[in-house]
J.: 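One structure, as structure tokens, below. Some questions next.
Letters go in sequence order (proteins before strands), and every chain restarts at 1.
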Amino acid sequence: MVDVEVTERPAGASESPERRHVPHHDRRIPRYVEPALAVAVVLGCWEAVTRLHWLPRDAFPPLTVVVPALLHDLSNSALWNGIAVTMETWAIGLAIVVVIGIPLGLLLGTSRIAYDIAHLTVEFFRTVPSIAALSILVLLFGVTSKLVVVMVVFTAVWPLLVQSMYGAHDVDPMATEMARVYGLGWRARFRRVVVPSALPYIASGLRLSGTMALLLAISVTLIVGGQGLGALLSSAAQSGQIALLYARVVVSAALGLLVTYGLLSLERRLLRWHPSRRVVV
Amino acid sequence: MMSSMRKYGLRLLLPAAILAAWYMLTANSTSVFFPPLSKILDAFVHTWFFDLFTTDLLYSVSHLVIGFLIAAVGGIGAGVLLGLSPRLSRDVSPMVEFARATPLAALVPIAYIIFGPGATMEIVLIVIASSWPILVNTTDGVRSVDPALIEMGRVYGLSARQRLRTIVWPAALPQIFAGLRVAVAVSIAATVVANMFASNQGLGFYVINAYQSFNVVGTWSGLLMIGLLGCLANVLFVLIEGRALAWWRGARSATKST
């Protein structure tokens, strides 16, 4: 069997500046005009198609119905309460994931034997859809926010663990050897060689875990109810308030974007010094 | 040879130890939540190989396969298109980013309302969830093909279609497979979630139904089946990938050793 070679690449590892350059046909048009037009066209088509009743109205509300529903819902404390509960379980879960995943992954990655022993098992747990464990955990914890946090941790710990493991495993042996020659002890080598060179992997692992944690925080309350954005989505669906449902999907997507870009900018900040990020002048 | 045997032995050690520990710790268990593993295995064999093989297991697996294949074809096709045209990919990027960031769970109730419970809704959700990793990785892979290679193909008189087939496709394939690999895991999770939310058969329905009727042994056996399915899908995928990318790994190790 082959080893797992292709992992999630650290962001920016192969994005050299010239590849990201989009050729301009006309320098006078700013680069954001075309994407903005594309969005406007899609939204316009949505409005037209739904207004003309080409799609069943009870499943596809027009944009001009969704937006007022969204604005109305934004002044509703139930929505903000749901967002707060979901983001709280997300944050607690992710904090636990960081505390467990990074040290454990680095330890498993630095030792050859530990890596060989843990590799297959970790890969197994990573691919197994842990949402299935929901049924057992809900029996143990009941429908509480503890349940949500446990599910978040159980699912989102794997990407970070795996990335930290690969990061520590991939440290250039020359660098470790050099540190040894210079008389650095185990602890100093770990701090000055292993951690910095694994950092890009850890950062992209954190991004994966962060988005996965949000997905779980919403999924759990969607399925079992309780408090949170998921429960609000399913209550809108069950009461047949279709515009409200779309509005709350938009809110979920906004949270998704917030988490993705928040972690991406954290990653950029953490890795500003890293060679893969330095632009050759 | 010896060392590779030792390596695989070591890898299987931990799963074997976990199973053994589970078996022994629960052997005389009277806890409601942790029934003896032997009981779970009994139920597992009965449920999945006799009683519910076609109604629940095949039902979910067939949706999984259909959804994954549609996502693979669509994701790779769209990804190649976006990878070849930086301008197009820039223009649709706000939509792609927005759609990607939307948690799948939020789309489950919408799909439920549009399609009603059943096969269509589940397949649509699987396709939506697993298309994104494939699309993004394909776009990335195609975009990072060395422009000098494409230029060389042009100089040698290859048509656009020939360049796509002989230069771009092989160069992007490793990254496309990385995307497919992520999509395998995502599609299984999507199958289970869609199935849990609204259905009256399938794997996800089975575990949720077992939980709601306090059938703890059944819940565990469903959990095991989903785990086993994930494991099998992963092994199958690694085999296919190893075959499809054998030339690439060979070339890589050749350049590494020089």
J.: Which pair of heavy atoms, one from A:Ala118 and one from B:Leu14, lies closest together, and at what distance?
T.: CA-CD2, 4.1 Å
J.: Measuring from A:Leu245:CG to B:Ile110:CD1, what's the distance to the nearest 0.5 Å?
T.: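 Answer for the CG-CD1 pair, A:Leu245 versus B:Ile110, is 4.5 Å.
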J.: For residues A:Leu140 and B:Phe34, determine if any side-chain heavy atom of one lies less than 4.5 Å from a side-chain heavy atom of the other.
T.: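 Result yes, sub-4.5 Å side-chain heavy-atom pair found.
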J.: If we define contacts as heavy-atom pairs under 4.5 Å, which of B:Phe115, B:Tyr211, B:Tyr112 has the most with chain A?
T.: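 Ranked by contacts with chain A, first place is B:Tyr211.
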J.: Enter the distance from A:Ile242:CD1 to B:Ile114:CD1 here, rounded to the nearest 0.5 Å.
T.: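 CD1 of B:Ile114 is found 7.0 Å from CD1 of A:Ile242.
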J.: If you take all heavy atoms of B:Pro103 and A:Leu214, which pair is closest and at what distance?
T.: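 Smallest heavy-atom distance, with atoms named: CG-CD2, 4.3 Å.
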J.: State the CD1-OG1 distance between A:Ile136 and B:Thr219, to the nearest 0.5 angstrom.
T.: 5.0 Å
J.: Tell me, for B:Ile18 versus chain A, whether the close heavy atoms (under 4.5 Å) come from the side chain, the backbone, both or neither.
T.: side chain
J.: Within this structure, what is the OG1-CG distance for the pair B:Thr102 and A:Leu255, rounded to the nearest 0.5 Å?
T.: 10.5 Å
J.: I'd like to verify something: which residue of B:Gly230, B:Ala101, B:Ser89, B:Gly204 has the highest number of heavy-atom pairs under 4.5 Å with chain A?
T.: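 Among B:Gly230, B:Ala101, B:Ser89, B:Gly204, the one with the most close pairs to chain A is B:Ala101.
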J.: Heavy-atom distances under 4.5 Å only: say whether B:Val108 touches chain A with side chain, backbone, both or neither.
T.: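 For B:Val108, the side chain is the part near chain A, not the backbone.
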J.: Distance from A:Leu134 atom CG to B:Ile208 atom CD1, nearest 0.5 Å?
T.: 5.5 Å
J.: What pair of heavy atoms forms the shortest contact from B:Ala105 to A:Leu222, and how long is it?
T.: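 Result for this residue pair: O-CD2, 3.4 Å.
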J.: Heavy-atom distance under 4.5 Å to chain B: side chain of A:Tyr32, backbone, both or neither?
T.: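 For A:Tyr32, neither part sits under 4.5 Å from chain B.
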J.: If you count every heavy atom of other residues, nucleotides or ligands that lies below 6.0 Å from B:Phe197 atom CZ, does the total exceed 12?
T.: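 Yes, because the 6.0 Å sphere around CZ of B:Phe197 holds more than 12 heavy atoms from other groups.
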J.: With a 4.5 angstrom heavy-atom cut-off, is it the side chain or the backbone of B:Glu97 that approaches chain A, or both, or neither?
T.: both
J.: Any idea which heavy atoms bring A:Val39 and B:Pro94 closest together, and the distance?
T.: CG2-CB, 3.7 Å
J.: Taking atom CD1 of B:Ile113 and atom CD of A:Gln241, what is their separation to the nearest 0.5 Å?
T.: 10.0 Å
J.: Taking all atoms of both residues into account, what is the closest heavy-atom pair of A:Pro35 and B:Arg90, and its distance?
T.: CG-O, 3.5 Å
J.: Measuring heavy-atom distances to chain A, does B:Val92 have an atom under 4.5 Å in its side chain, in its backbone, in both, or in neither?
T.: neither
J.: Nearest heavy-atom pair of A:Leu233 and B:Ala106: which atoms, and what distance?
T.: CD1-CA, 3.7 Å
J.: Between A:Thr211 and chain B, with a heavy-atom cut-off of 4.5 Å, which part of the residue counts as in contact: side chain, backbone, both or neither?
T.: neither
